[in-house]
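To start, the structure itself, in structure tokens.
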Amino acid sequence: MVFRNREGGKIIRKGWLLDVGYTVKGEQTYITLIVKGKKTAKLLFPYDPYFYVDAPEEKAEELKEVKVVRKEEEIKVKRTEIVEKKIWGKMRKLIKVVCYRPPHVPHLKAHIPYPCYEYSIPFARRFMYDLQLSPFDIIKYERKGPLITKIMGIERAESKKSPALSKMAFDIEVLNPMGTPREKEDPIIMISYRSDKEKGVLTFKGDGACRDEKEMLEHFDKKIKDENPDILIGYNSSLFDLPYLKARAEKLKAQFNLARFGGKMRAVQKGLVHGYEIKGRVHVDMYPILRLFGYIGVIKAENYTLDAVSESVLGEHKIDIGGWERINELWEKGEVGKIAEYCLKDAELTYRLAEKFLPLEIELAQTSKLPLFQTTLSTTGQMVESLLMFHAQRRGEIIPPRPTSAEVAERIARPIKGAFVKLPEPGIYSNIAVLDFRGLYPSIIISYNIDPATISESGEHKAPKGTTFKKAPKGLIPEVLEGLLDKRAKIKRALKEMDKDSEEYKVLSARSQALKILANSFYGYLGYARSRWYSRQCAESVTAWGRKHINDTIQKAEEKGFKVLYADTDSVFLIYEDKEKVIEFMNEVNKALPEKMELELEGFYVRGVFVSKKSEEKGAKKKYALLGEDGRIKIRGFELVRRDWSEIAKETQKRVLEIILKEGSKEKAAKVVRETIKALKEGKIELEKLAIKTQLKKEPEKYEVKSPELEAALKLREKGLQVGKGAIISYVIGRRGTSISEKATPLELAQDYDADYYINNQILPAVMKIMKELGYDEYTLIHGGKQQSLEEFF
DNA sequence: GCCGTAGGACTACCA
DNA sequence: ACTGGTAGTCCTACGGCG
């Protein structure tokens, strides 16, 4: 990229937009832009904060004189203007109240006795929406010193290349003789880093080492200033590494500030997520990112430790030094090399995770219009909200306010009716076809123009619930959503022609994934209690139309003579004799659907199992296993896909399902179960296979009832370990104690196990439901019964 | 006070 | 701290019994 050229005697510069903030100098507020051109620079652009007041035009003069005194500071209005904006689709004249400083906005708003709008939009984002800027856009500008005198234009950062950002991952090791390290006492003994260029370890023991901890911190500080990465990456660095580094640096009075351009490092909170900001760079903590990706199904891991995530997405482990306690021992013994190897590997894994997931994160930032650092701390709901704010501004529409806490409570109190799930009949079936609606809810929103502003009694689209929506003009939400889906369709077509190993392919497939993630979050956002665009009527209409379409499909299938086994939200399971007839049926359904909606063939399956519920004879919903024609088994809902069941129970259930679906030998399945029970009784199963993993969703003090995972967590705390909200506890049911909670012991401390518990509460419940479909009862299963093959059973 | 159980708290899944 | 629908475990309060 050419970063500067001459036009009519003036120098026009160009650079990637990395971050936006603001600063105040005297009476003027400036937006600060971190722009990466040939060099990275922090630039200033004068811009005034403002909000809108819905009052008669003639009040503009009066409003200009509003004054508020707060903490001896007199807060005044800079000027007022008359503007036209749309409120829920209707044009209206509003008074724009321009202020001197961003923090003045809420104070002035509070003293104005008319309805106000857009008073709670973070100022840097306000600027980005106003100028229609996205993160990593290329801006063209003229400057005079640090001041931008003119923004000449914006080039959309939509090239097939990702922005050229330099990055460095790091990790620290800390002594922990008392369990969780204490900032006051326990020193940092090592810092490792892995950048685009090189890797290394800093320590103060052994060859070529720093003199002491203080010097090590200062070396690290210098390292970062020399290499000057745009992005600093850690793992749980928001809550551990960075605050610890800062605390130690303060205690030791070390020169330590990883920020650029005189900025600061500080802890921040966005919603409920904790972050740590390094001004002038982008601090990326991989942990919350991977947590979110786990939540939305981009990755799947048993828990979200660096080790577990590396295993699941890179197929690699951390170096095993035998637990965190060993660091003290190795350090004492002077075996610094081992710690260094361990520490560097952590930085390396963190770097590799970033290489893998930063492209998606960057695309999410560009799509949602949130700066990268903000994006790493955001939920999909916040990303959708930002995107809608951006487009509301483009369309000249007022951004609705956030709901009050009373409104939030009211919304939560009355949930919206959701999807339809058909009750399956338990049994083993052959020849199953699965059809599903592609992107059901997004396609409904677009097809019926569902938006808070299109609701109208004279609307042409009438939802099964009764709400009617106008066909035109297109609402903000359907328009933005359609934009995402159209862009994605285009990218998908382009990807087919591309070399899968190319840089462009990686960038575009990440972009496609980001578009999909956001598109799929729109319905949830409409029904999200804290949403600015919450609409009960809209959300209810989406699900009502969804239920109608799936039920119509079931009915049509039955009319065609298919047996419908099961249906959930957007999918139907049919028993077929002739594949052609299934396709024929699908095409027929599609002819009658709106253009954006489509029923697709998900697949044909050789065999499938549905089981009954534990307590009743009725079939269990959301629980089935299907054997595909390629021999692969698709399993949903069974214990074996849940982390809160022991590996031994899951493994046994998996083997039983496989034997039944693939080999059809129920006696062989019974044998597997009996062998497992025998091994358990003989104490032959390793404790790792008996661990049950459960997350603590609240702080331990906040629970009303005790539970095994809670009791196990408390036992960890007794050992001086920090266990809090979000921790995933691995525990084993041991022999000591009366209740199950009492018996629960953290895996790390477990010595023995209660075989009866594992047989009666883990193996048998997991396996019985399946064996019951084959005519086994518990007694015959355990003690043996007469031989019978699945062929005879059918 | 002991026993059995209904209902509540809680988690993790499916879509 | 994006939605609702669902199964299942374990705990606890409660009622019956004596």
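Note on naming: letters A, B, ... go to the chains in the order of the sequence lines (proteins, then strands), and numbering restarts at 1 for each one.
- Using a 4.0 Å heavy-atom criterion, one finds that Ser521(A) contacts the bases of the nucleic acid, with or without backbone contacts as well.
- As judged by a 4.0 angstrom heavy-atom cut-off over every strand, Val542(A) is placed among residues making no nucleic acid contact.
- Heavy atoms of Asn761(A) sit under 4.0 angstrom from primed sugar atoms or phosphate atoms, though from no base atom.
- Contacts of Trp645(A) with the nucleic acid, taken as non-hydrogen atoms under 4.0 Å apart, involve only primed sugar atoms and P, OP1 or OP2.
- Both Ile296(A) and Pro708(A) lie near DNA chain C, and the one whose nearest nucleotide falls closer to the 5' end is Ile296(A).
- If you take NZ of Lys614(A) and P of dA7(C), they are 14 Å apart, rounded to a whole angstrom.
- Going from atom CD of Glu701(A) over to atom C1' of dA9(B) covers 17 Å, rounded to whole Å.
- Going from atom CD of Glu385(A) over to atom P of dT3(C) covers 13 Å, rounded to whole Å.
- No engagement by Tyr566(A) is indicated, since no non-hydrogen atom pair under 4.0 Å with the nucleic acid exists.
- Contacts of Lys769(A) with the nucleic acid, taken as non-hydrogen atoms under 4.0 Å apart, involve only primed sugar atoms and P, OP1 or OP2.
- Distance from the side chain of Val421(A) is smallest to dG5(C) among dG5(C), dG8(C), dC2(C).
- Residue-level contact check: Gly418(A) touches the backbone only, with heavy atoms under 4.0 Å from sugar-phosphate atoms and none from bases.
- Contact annotation for Gln695(A): backbone-only contact, meaning every heavy-atom pair under 4.0 Å involves sugar-phosphate atoms and none involves a base.
- Counting non-hydrogen atoms under 4.0 angstrom, Ser741(A) reaches the backbone sugars and phosphates but no base.
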